[in-house]
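In what follows, a structure is listed as structure tokens, so that the remarks can point back to it.
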Amino acid sequence: MYYYEVAPVRIIRAKQACFTYHHDQILSIGQLVSVSVGKQILTGIIIRNVSRPNYETKVISSVLPLPPIPKQLIDTACWMSSYYATHLATVLQMVLPRGITKKRRISASRDLSFSRDRTHFLLNETQSLAVDTLNSIEVGTAILHGVTGSGKTAVYIEHAKHILLRGKSVIVLVPEIALTSQLLAEFQQHFPSIIVSHSQQTEAERHRVWQQVLDSLSPVIVIGPRSALFLPIKSIGAVIVDEAHEPSYKQDQAPRYSALRVASVLARAHEAHVIQGTATPLVSEYYLASMAHQPVLTMRERAVKKTLEPNIEVVDMTNKALFRRHRLFSDSLIQNLTETLAAGHQVLLFHNRRGSAAITLCEHCGWSALCPVCGTPLTLHADLHRLQCHVCGKNNRVPTACPSCHGAEIIHKGIGTKLIESEIAKLFPEKVIARFDGDTQLATTLEKRYQELYDGKIDIIIGTQVVAKGLDLPHLRTVGVIQADAGLSLPDYIASERTFQLISQVIGRVGRSAHKTSVILQSYQPDHPAIKLGITQNYQEFYQTTLSERRGRGFPPFTYLLKLTCIYKTERAAIRNSQQLANTVKNSFPHVAVLGPTPAFYERQYNSYRWQLLVQSKKRSTLLEIVSIVPPSHWQVDLDPYTLL
DNA sequence: AATGGATGTCCG
DNA sequence: GGACATCCATTT
């Protein structure tokens with residue numbers, strides 16, 4: 001008789017993940033089995049074989065007729081479980097497809113191996129140097145720091161070919177937006193069969209893809225969102241993470257993992273490497289790479305030589321003389337729009353809706369209300385008539401006059417895309433306008449209307465963050481940013497980094513051809529480093545500035561963070577319980593800093609109140625200890641949060 | 001007596 | 001996390 005530790009894919013006990021079962025045959029690790037637990041029958045994975053325990057064991061009911069899950073993937077899942085203090089069963093639910101025991105109809109031969117004409121491109125010197133370096137890497141993480149249009153995709157493709165030739169598979173991760181079709185199309189020109197996984201697949205489709213990978217004997221190329229890391233690939237050679245700065249690489253539900261961290265652990269298990277491709281590497285990741293002496297490959301020039309750099313103009317919103325014709329749109333923006341539209345070209349007006357809510361700033365000099373304790377921007381609570389810091393919880397009175405210029409022009413209002421649309425429609429009544437916002441529908445709407453956008457049938461595009469990403473619009477000539485500093489007023493230590501990324505993306509929308517293009521950026525804080533250095537695309541200086549600021553304030557990469565959110569039906573209970581936990585943590589863990597409790601940025605969600613605590617610690621293990629004393633219900637735990645909101 | 005909600009215990 | 005038991009309050 002053989003004894004095995006089996007991890008069921010559902011939580012059985014809060015503090016235990018594996019249970020011992022027996023079977024009369026030798027089974028391999030990673031084998032999927034059916035076991036009875038209490039009165040239910042559950043699927044489980046064999047984690048290890050053990051000797052006979054001193055208690056009675058049940059027999060493994062059946063062994064699923066499937067190849068075992070690769071050992072490296074199981075090890076990665078176990079690592080995730082401990083690193084993110086999440087039950088192994090919760091992690092395994094990512095690893096196995098839903099409805100794994102269901103019978104599926106025989107796949108309707110969706111073999112999409114249609115052969116296309118393969119475009120052979122010639123790499124420029126920088127690109128081939130990058131490919132050579134990547135090909136020579138054995139393990140670890142390389143950062144491919146290439147400006148928009150520097151031809152990162154071509155580098156990915158060449159490198160992927162190299163890995164395939166070595167008989168190993170490649171995972172290409174893309175952010176979770178429906179705009180990945182361009183990258184996919186380019187890959188399809190070079191590889192006959194690509195395995196695609198995306199968030200809109202049905203349960204049966206996912207199952208089929210998973211089965212296909214599990215059965216595959218030859219190396220594969222997989223393109224998909226962060227969940228593609230969990231496909232049962234036998235031998236991985238490289239994980240390429242495209243747009244590696246994107247926040248969607250952090251899952252916002254348990255297990256709250258960072259795909260960057262998981263990719264590096266998975267890669268290490270496979271003796272493979274990770275490539276983070278982005279125009280704006282995350283400051284923390286760049287720091288990590290330089291500390292570990294990992295390669296950082298910089299590609300400064302655009303791949304196509306004939307392109308014309310866009311003309312960038314910054315409009316100081318505190319200077320009212322520049323806004324004679326409209327309070328939202330500067331005179332030069334209106335003039336530029338008029339000219340571009342008259343010539344029959346396309347314009348894009350971008351506005352960061354988030355953060356442009358109720359913020360407090362001086363319209364005269366651009367001063368904005370910052371917390372005297374921790375420096376984060378303050379949020380107005382109109383009902384209390386107080387300015388509150390959502391990071392450390394300190395309350396401040398609302399100034400009646402600007403502390404900087406003593407003017408009385410303190411404003412609290414924000415701007416919405418709807419307002420922009422109606423105002424722009426008044427200015428250009430005969431033009432076709434399309435507005436994109438609302439986070440979930442946006443991706444599908446964009447997909448549907450992409451052809452119209454691409455063909456230039458829409459004159460004016462108005463939208464929030466997502467329109468600034470990955471869209472390739474050949475008719476686009478002008479991009480206007482209504483208030484570039486909008487995101488800076490968010491009470492989040494990473495806000496300025498996000499703004500820097502955003503400006504880079506916006507600039508990347510134009511200047512992709514030989515046409516004359518322009519970017520007009522309006523801002524109350526034109527001299528803020530994120531904006532100034534974003535415009536000049538000076539990553540190095542932004543990196544150094546941000547790093548020293550983070551060091552000073554004790555934020556990553558110099559500390560680890562733990563975000564604890566307390567959710568109760570009544571505000572009183574939320575406050576009381578978060579206060580209590582804050583005290584417990586402060587008393588039992590003297591070496592950590594506890595910020596809060598403060599109302600969560602999204603204070604009321606699903607008819608409940610949310611208050612949060614932020615814990616900063618030099619040692620990550622201390623945060624894991626803290627997690628273990630957090631009450632199991634009413635609390636959400638987020639280790640290494642990507643955002644404090 | 002029947003129903004339903006809240007709470008507690010066990011799970012190899 | 002879910003199946004099930006047990007307790008207690010409310011409904012008929």
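These numbers come from a predicted model, not from an experiment. All chains are named by letter (A, B, ...) in the order of the sequence lines, taking the proteins before the strands, and each is independently numbered beginning at 1. Excluded from the calculations below are hydrogen atoms, water molecules and symmetry mates; all remaining heavy atoms, backbone and side chain alike, are included.
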* Asked: Do A:Q211 and A:R104 have a side chain donor and acceptor closer than 3.5 Å?
  ->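 No.
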* **Short side-chain to backbone donor-acceptor contact, A:Q616 and A:G554, under 3.5 Å** => yes
* Flag, side chain of A:K234 to backbone of A:L214, donor-acceptor distance under 3.5 Å -> yes
Polar atom pairs between nucleotides 5-11 of chain B and protein, under 3.5 Å, N or O only, would you list them?
{"residue": "B:dC11", "atom": "O3'", "partner": "A:G38", "partner atom": "N", "Å": "3.3"}
{"residue": "B:dC11", "atom": "N3", "partner": "A:I12", "partner atom": "O", "Å": "2.8"}
{"residue": "B:dC11", "atom": "N4", "partner": "A:I12", "partner atom": "O", "Å": "3.2"}

* **Listed partners of A:S258 passing side chain to side chain donor-acceptor pair (under 3.5 Å), at least two apart** =>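 So A:S258 forms a side chain to side chain donor-acceptor pair (under 3.5 Å) with A:Y642.
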* Asked: For A:Q251, what residues pass the side chain to side chain donor-acceptor pair (under 3.5 Å) criterion, not counting sequence neighbours?
  ->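 Only A:R226 meet the side chain to side chain donor-acceptor pair (under 3.5 Å) criterion with A:Q251.
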* To do: Measure from NZ or CZ of A:R620 to the centre of the six-membered ring of A:Y84 and say whether it is under 6.0 Å with the direction within 45° of the ring axis.
  =>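 The answer is yes; both the distance and angle limits are met.
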* Of residues 81-100 of chain A, the positions that come close to DNA chain B - non-hydrogen atoms, cut-off under 4.0 Å -> none
Contacts table for residues 626-638 of chain A: side-chain donor-acceptor under 3.5 angstrom, sequence neighbours left out:
{"residue": "A:S628", "atom": "OG", "partner": "A:E625", "partner atom": "O", "Å": "2.5"}
{"residue": "A:H634", "atom": "ND1", "partner": "A:I567", "partner atom": "O", "Å": "3.2"}
{"residue": "A:D638", "atom": "OD1", "partner": "A:K250", "partner atom": "NZ", "Å": "3.1"}

* Residue pairs passing the ring-ring contact (aromatic ring centres under 6.0 Å, His included) test where at least one lies in residues 211-232 of chain A, sequence neighbours excluded ->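 Matches after skipping sequence neighbours: A:F230-A:Y257.
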* To do: Round to a whole Å and report the spacing from CD1 of A:I41 to P of C:dG1.
  =>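 Result: 21 Å.
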